[in-house]
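In this chain, residues are counted from 1 in sequence order.
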Amino acid sequence: MTSQKNLSIAHAWFEAFNAHNLDKLLSLYDEDAEHFSPKLKIRHPETNGIVKGQTALRTWWEDAFERLPSLQYKVTSLTADSDRVFMEYVRHVENEENLLVAEVLEIKEGMIVASRVYHG
């Protein structure tokens, strides 16, 4: 994959996420993809912050979209190479303080195989 193709995946990721379109979002992920998030670790400590597979990802994001209907991400920076995209964005939720976030998408053969979220 080229860095440009990986940037296209990142743009599609933000478009799907901000539309709360789970099917489109999950179509970007490998069936066995892993996702790490500090918010996941807080809400579901038994996971140690990691979910694996599209079914677990669907459950996690479905819950987030239901709990936080105003959840939106505003991109501030995207950097890509042939294997990953480093994304910086601001998390907006009505009646909550904005949160600076960094996330890494690892991409193989055009599919996200892992994602890791970091809050700043």
Working for side chain to side chain contact (heavy atoms under 4.5 Å, CB included), residues Val101 and Val117: CA-CA 7 Å; Val101 180; Val117 177; 3.7 Å; yes

Short side-chain to backbone donor-acceptor contact, Thr76 and Glu88, under 3.5 Å: yes

Any side-chain heavy-atom pair of Arg91 and Leu68 under 4.5 Å: yes

Distance (rounded to the nearest 0.5 Å) between Lys5 NZ and Ser82 OG: 12.0 Å

Ile107 side chain reached by Asp83 side chain, heavy atoms, under 4.5 Å: no

Plane angle bin for Phe17 and Trp13 - parallel if under 30°, tilted between 30 and 60°, otherwise perpendicular: parallel

Donor-acceptor contact present, side-chain Asn18 to main-chain Gln72, <3.5 Å: no

Closest non-hydrogen atom pair between Asn6 and Ala80, with its separation: CB-CB, 4.3 Å

pair Leu71-His20: side-chain heavy atoms closer than 4.5 Å: yes

Residue pair Asp30 / Asp32, side-chain heavy-atom distance below 4.5 Å: yes

Lys52 atom NZ, over 12 foreign heavy atoms within 6.0 Å: no

Ring pair (Phe, Tyr, Trp, His ring centres under 6.0 Å) between Tyr29 and Trp61, intermediate numbers included: CA-CA 13 Å; Tyr29 281 80; Trp61 284 321; 5.4 Å; yes

Heavy-atom side-chain proximity of Val75 to Met87 below 4.5 angstrom: no

Same apolar cluster (I L V M F W Y, side chains within < 4.5 Å links), Ile9/Val113: no

Side chain to side chain, Asn21 and Glu15, heavy atoms closer than 4.5 Å: no

ring-ring contact (aromatic ring centres under 6.0 Å, His included): pairs with one or both residues in residues 81-120, sequence neighbours excluded: Phe14-Tyr89, Tyr73-Tyr89

Euclidean distance, Ile112 CD1 relative to Ser27 OG, rounded to 0.5 Å: 9.0 Å

Salt bridge present between Glu106 and Arg116 (N-O < 4.0 angstrom): yes

Minimum-distance pair of heavy atoms, taken over all atoms of Leu26 and Gln54: O-NE2, 3.2 Å

Short N-O contact, Asp23 and Arg58, less than 4.0 angstrom: yes

Heavy-atom check, side chain of Asn48 versus side chain of Lys41, under 4.5 Å: yes

Val90 side chain reached by Leu99 side chain, heavy atoms, under 4.5 Å: no

Considering all heavy atoms, the nearest Ala12-Leu28 contact: C-CD1, 3.8 Å

